[in-house]
Amino acid sequence: MKLLVHACCAHCTAYTIEYWRKQGHAVTAVWYNPNIHHFTEHNLRLEAMSGMALALSFQLVVIAGYDFKEYFRRVAGDEADRCRHCFDMRLDRVAAKAAEDGFEAFTTSLLISPHQKHELVNQSGEKASARSGVAFLSADLRKRYSDSRRITKPLELYRQQYCGCIYSEVERYTEWS
């Protein structure tokens with residue numbers, strides 16, 4: 001099965017790619033993360049993903065553009081539910097790309113992170129699947145998070161310190177929430 005894997009960052013994507021390959025899928029990763037701020041942070045993470053794709057021999061598709069304005073339009077005024085808006089935005093776009101390029105299914109590396117809201121990720125994936133007609137595959141890979149880190153550590157890739165959005169950066173470095 002041709003599977004498109006949304007890549008949130010290199011460190012979460014490494015084992016996710018390995019897992020789905022072991023399940024027998026032909027895996028391609030896709031980068032679409034307009035939630036990552038600042039723009040330089042976005043580019044550092046994309047550079048790490050590109051380097052890892054070369055090192056681990058998988059195709060990385062980059063969806064053109066940096067839709068940060070749309071991200072903020074969706075989140076503004078509803079910051080408490082920002083993760084739902086973020087997951088919906090990204091997985092809708094990934095599902096549309098999967099349909100456009102003839103993939104049979106899609107998933108996301110968000111499902112390996114112990115820091116993500118898995119129920120919300122799965123809900124967003126299912127909604128995107130219903131809209132696109134492409135199957136959403138879900139696997140709870142949180143127990144394999146350390147395996148992903150072991151894969152990437154020798155590659156000496158950039159490692160981020162917060163989820164991605166400006167809100168998560170502030171929460172990471174302050175008591176604000």
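In what follows, residues are counted from 1 in the order of the sequence shown.
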(request) Using atom types as modelled and distance alone, determine if a side-chain donor or acceptor of Thr28 lies under 3.5 Å from a backbone N or O of Gln59. (result) no

(message) Within the structure provided, determine whether Asp147 and Tyr19 are in side-chain contact (heavy-atom separation under 4.5 Å).
(response) no

(message) Please find the pair of heavy atoms, one from Ser124 and one from Asp88, that lie closest to each other, and give the distance.
(response) OG-OD1, 2.6 Å

(message) Please check: side-chain N/O of Thr107 versus main-chain N/O of Val5, any donor-acceptor pairing under 3.5 Å?
(response) no

(message) Let me confirm one number: the CH2-CZ distance from Trp31 to Arg90, rounded to the nearest 0.5 Å.
(response) 9.0 Å

(request) Report the distance from atom CD1 of Ile36 to atom OH of Tyr71, rounding to the nearest 0.5 Å. (result) 10.5 Å

(request) Answer yes if Ile63 and Leu60 sit in the same cluster of Ile, Leu, Val, Met, Phe, Trp and Tyr residues linked by side chain heavy atoms under 4.5 Å apart, and no otherwise. (result) no

(message) Which residue in the set Cys9, Cys83, Cys8 passes side-chain contact (heavy atoms from CB on, under 4.5 Å) when paired with Leu110?
(response) Cys8

(request) Check whether more than 12 heavy atoms from other residues, nucleotides or ligands sit under 6.0 Å from atom CD of Glu156, and answer yes or no. (result) no

(message) Grouping I, L, V, M, F, W and Y whenever their side-chain heavy atoms are under 4.5 Å apart, do Val27 and Leu56 come out in a common cluster?
(response) yes

(request) Say whether, by atom type as modelled, one donor and one acceptor occur between the side chain of His118 and the main chain of Ser113 under 3.5 angstrom. (result) yes

(message) Is it the case that atom NZ in Lys2 sees more than 12 heavy atoms from other parts of the structure closer than 6.0 Å?
(response) yes

(message) Quick one, Phe58 and Met52 - any side-chain contact, counting heavy atoms below 4.5 Å?
(response) yes

(request) Give a yes or no on whether Ile17 and Leu155 share a hydrophobic cluster (residues Ile, Leu, Val, Met, Phe, Trp, Tyr; joining criterion: side-chain heavy atoms under 4.5 Å apart). (result) yes

(request) Report the distance from atom CZ of Phe87 to atom NZ of Lys117, rounding to the nearest 0.5 Å. (result) 7.5 Å

(request) Could you check if a side-chain atom of Arg93 sits within less than 4.5 angstrom of a side-chain atom of Met89, using non-hydrogen atoms only? (result) no

(request) Check whether Val30 and Leu141 end up in the same hydrophobic cluster, where Ile, Leu, Val, Met, Phe, Trp and Tyr are linked by side-chain heavy atoms less than 4.5 Å apart. (result) no

(request) Taking all heavy atoms of Ser129 and all of Val134, pick out the closest pair and write down the distance. (result) OG-O, 2.7 Å

(request) Please check if any side-chain donor atom of His6 sits under 3.5 Å from a side-chain acceptor atom of Asn33, or the reverse. (result) yes

(message) To check you understand the geometry: which heavy-atom pair defines the closest contact between Thr108 and Val121, and what is its length?
(response) CG2-CG1, 3.6 Å

(request) Can you see which heavy atom on Ala139 is nearest to which on Leu111, and at what distance? (result) O-CB, 3.5 Å

(message) Assess, by modelled atom type and distance only, whether the side chains of Arg144 and Tyr15 contain a donor and an acceptor separated by less than 3.5 Å.
(response) yes

(request) Could you list the residues that satisfy ring-ring contact (aromatic ring centres under 6.0 Å, His included) with Phe106, not counting sequence neighbours? (result) Phe136

(message) Can you confirm whether Glu79 is buried at CD, in the sense that more than 12 heavy atoms of other residues, nucleotides or ligands lie under 6.0 Å from that atom?
(response) yes

(message) Are His25 and Glu104 packed together at the side-chain level, in the sense that at least one heavy-atom pair is separated by less than 4.5 angstrom?
(response) no

(message) Return the CG to NE2 distance between Leu120 and His85, rounded to the nearest 0.5 Å.
(response) 10.5 Å

(message) Let me confirm one number: the CD-CD distance from Gln23 to Glu18, rounded to the nearest 0.5 Å.
(response) 11.0 Å

(message) Can you confirm whether Tyr167 sits close enough to Val75 that some side-chain heavy atom of one is under 4.5 Å from a side-chain heavy atom of the other?
(response) yes

(request) With rounding to the nearest 0.5 Å, note down the distance linking OH in Tyr158 to CG in Leu44. (result) 5.5 Å

(request) Please report the closest heavy-atom contact between Arg82 and Cys165, naming both atoms and the distance. (result) NE-SG, 3.5 Å

(request) Would you please name every residue forming a side-chain contact (heavy atoms from CB on, under 4.5 Å) with Tyr66, sequence neighbours left out? (result) His37, Phe39, His42, Phe68

(request) Is it possible for you to say whether Phe103 and Val62 belong to one hydrophobic cluster, with membership spreading through side-chain heavy-atom contacts below 4.5 Å? (result) no

(request) Work out which heavy atom in Leu157 is nearest to a heavy atom in Ala48; give both atom names and the distance. (result) CD2-O, 3.7 Å

